[in-house]
Amino acid sequence: MKTTNLCFVSDLSQHLGETVCLRGWMRAMRSSGKIRFVEFRDGTSTCQCTVEASKPDAFAALEGCGQESSLTLTGTVREEARSPGGVELSIETVEVHQQAMEYPISRKEHGVDFLMQHRHLWLRSPRQGAILRIRHRVITAAREFFDQRGFTLIDTPIFQPGAAEGAGTLFELDYFGSPAYLAQTGQLYLETAAMALGKVYCFGPTFRAEKSKTRRHLTEFWMIEPEIAFVELEDLQELSEEFLLHVVASVLTHQQAELEELGRDVGALERIQAPFPRLTYSEAVELLHSPELHAKLETELAEAQDAVAQVKEELSQKEQQVSQVTKAWKVEKFNQEIQELQDQIRELDRWIAHQPAHIEDAKTFQWGKDFGGDEETILSRQFESPLIVSEYPREVKAFYMKQNPDDPRTVRNLDVLAPEGYGEIIGGSQREDDLDTLLARMREEGMDPEPYQWYLDLRRYGSVPHGGFGLGIERTVSWICGLKHIRETIPFPRLMGKMTP
RNA sequence: UCCAGCGUGGCUCAAUGGUAGAGCGGGUGACUGUUAAUCACUAGGUUACAGGUUCGAGUCCUGUCGCUGGAGCCA
């Protein structure tokens, strides 16, 4: 498409006084008789454009254009205090590519179900755009981190013959008459590549058939997994720390505008610093049992009750204000805010109601159990930086994790828990590199070693200490963006019972 | 799989068991500085579905389906 002086909205302010051409979509149009205001977006940003009746062709061209009509606009750029953003395009000519009518997503509030059914259009909204840009930054920063350290990208297969972990969580499919499964990790293959190239990573989709309907789960998500020869648990702890610091710093450097669009508390991200707190599983259990923690949880409970009182105060103020408002849509806006406050109160109340049970669970937590979401939340909320928990009981972890030489009850693994209660974003381990120990462990799990001969070969031919971890992209994005639900972190989320669009 | 909550115009929501309504969005018209513009007029409904109770059901009861959140499992 031939255009002259093509320009993007994001750098409009560098073209003051010039005649430029913008291509994009109409987000909204307001009219005041002889002047029309076009809110215009082109994928980089949004700006206000105006056209006056003194330009009859351009003025008429916008007639009948609904929200999301596609347009090419030419006009002059000028400073304008009355325009949001301070810059405005005075339109000279309008080319309408397509007149859109009755765009389903209005600028009012919508329910989640409706938005999810219109996910293909929902992506056009500013908030979703901001999340997708941050997702891109997280992925770019993650790859950059490993690339700069001499890692080689290895693509592991998505069709896989069996499970690395529990088989019940895999999607089974028919592979020319034989059962096959969608990958839930590239790890076993990655280990072979680490023995070939030393430092490797994979980045791809992974699939879990878990029937989880929560704000933290997808059935299809993306994971980046490094795997390194000649490393032990302590090296992995350090690597995961440097890795997360790099990703967070990169987002803070490049995506301030997006974090602001999302209303993210940037301070919480800025306060993250090395060294991250490190606890062994046993220390974490001790922490759960400690009276200091219980006292702190009691304090949190009291604070939450104060918070409820505060929100209720705010609520009654709003309810008073609403009676003085006459415009119907403003009343409705107030009602929406009131609704939100009531939701907040309900959530806090639920948290308060469960808190005694949480404290009790923490007190009575038994060594040997895996941490549930509640324990993870309690632990990670004690720190401002991500928390590294290592050396879990062997029974609750996968067969390939290296047995702890100092304590055969535990393995040399690590989980990294994001702050603010976002839970596990990294899971990994040093791998069992001794053939006999690994075989014994597989027998313990009732696994047939036969299909794993290729994997066991790594322990026969030049075995070395090695390990790696996996970072869930969506959980990381969810945490960095401060989102309530993981479904907004991926363009087309796959959830239990949801495949379209 | 289990527990809880919710299904009313395209969207967001109202409606003591008694005539189904508002705002937004759509359409028509007015307005040269709008910021979810404003104002006037207008079209739009088998209240998720199937039974039941009742003189009368959007509202009460039973079942089905769908959605949402949580548990378990996990990144």
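To find a chain, count down the sequence lines: A is the first, B the second, and so on, and within it residues start at 1.
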From the set [options], return the single nucleotide nearest to any side-chain atom of [X].
| X | options | result |
| --- | --- | --- |
| A:Arg215 | B:G26, B:U34, B:G70 | B:G70 |
| A:Ser106 | B:A75, B:U1, B:C24 | B:C24 |
| A:Phe114 | B:G33, B:G10, B:A75 | B:G10 |
| A:Glu52 | B:G72, B:G33, B:C11 | B:G33 |
| A:Asp374 | B:A71, B:U32, B:U1 | B:A71 |
| A:Phe37 | B:G33, B:G72, B:C74 | B:G33 |
| A:Ser31 | B:A71, B:G69, B:C31 | B:C31 |
| A:Pro84 | B:U68, B:A75, B:U34 | B:U34 |
| A:Arg487 | B:G26, B:U68, B:C73 | B:U68 |
| A:Glu88 | B:U34, B:G26, B:G70 | B:U34 |

>> Between A:Lys397 and A:Asp415, does any side-chain N to carboxylate O distance fall below 4.0 Å?
In response: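 A salt bridge links A:Lys397 with A:Asp415.
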> Does the ring of A:Phe59 carry A:Arg36 above it, NZ/CZ under 6.0 angstrom from centre and within 45° of its axis?
Replying inline: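 A:Arg36 over A:Phe59 ring: yes.
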>> Under 6.0 Å from the ring centre and within 45 degrees of the ring axis: does the NZ or CZ of A:Arg149 meet both conditions for the six-membered ring of A:Phe145?
In response: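 The answer is yes; both the distance and angle limits are met.
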> Nearest nucleotide by nearest heavy atom, which residue falls closer to the 5' end of RNA chain B, A:Lys498 or A:Met29?
Replying inline: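 Of the two residues, A:Met29 wins.
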> Taking the nucleotide of RNA chain B with the closest heavy atom to each, which residue, A:Gly64 or A:Ile473, is nearer the 5' end?
Replying inline: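 Counting from the 5' end, the first nearest nucleotide belongs to A:Gly64.
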>> Taking atom types as they are modelled, would you say the side chain of A:Arg30 forms a donor-acceptor pair with the base of B:C31 within the 3.5 Å cutoff?
In response: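 Side chain to base: no pair present.
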>> If you go through the side-chain atoms of A:Ser83, does one of them form a donor-acceptor pair with the base of B:G33 closer than 3.5 Å?
In response: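 Counting by modelled atom types and ignoring angles, no donor-acceptor contact under 3.5 Å is found here.
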>> Pairing check on B:U28: which nucleotide meets the Watson-Crick or G-U wobble criteria with it, both distances under 3.5 Å?
In response: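 For B:U28, the partner nucleotide comes out as B:A40, under the 3.5 Å rule.
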> What is the pairing partner of B:G69, taking Watson-Crick or G-U wobble pairs with both distances under 3.5 Å in any strand?
Replying inline: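 Its partner is B:C3 (Watson-Crick or G-U wobble, both distances under 3.5 Å).
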> Do A:Gln430 and A:His466 pass the side-chain hydrogen bond (donor to acceptor under 3.5 Å, both in side chains) test, and can you show the C-alpha distance, the side-chain angles, and the key distance before you say yes or no?
Replying inline: CA-CA 6 Å; A:Gln430 188 176 336; A:His466 68 286; over 6 Å; no
> How about A:Tyr281 and A:Phe371: are their ring centroids closer than 6.0 Å?
Replying inline: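 Yes, ring centres under 6.0 Å apart.
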>> Rounded to whole Å, please give me the gap between NE2 in A:His217 and P in B:U68.
In response: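 Whole-Å distance recorded here is 16 Å.
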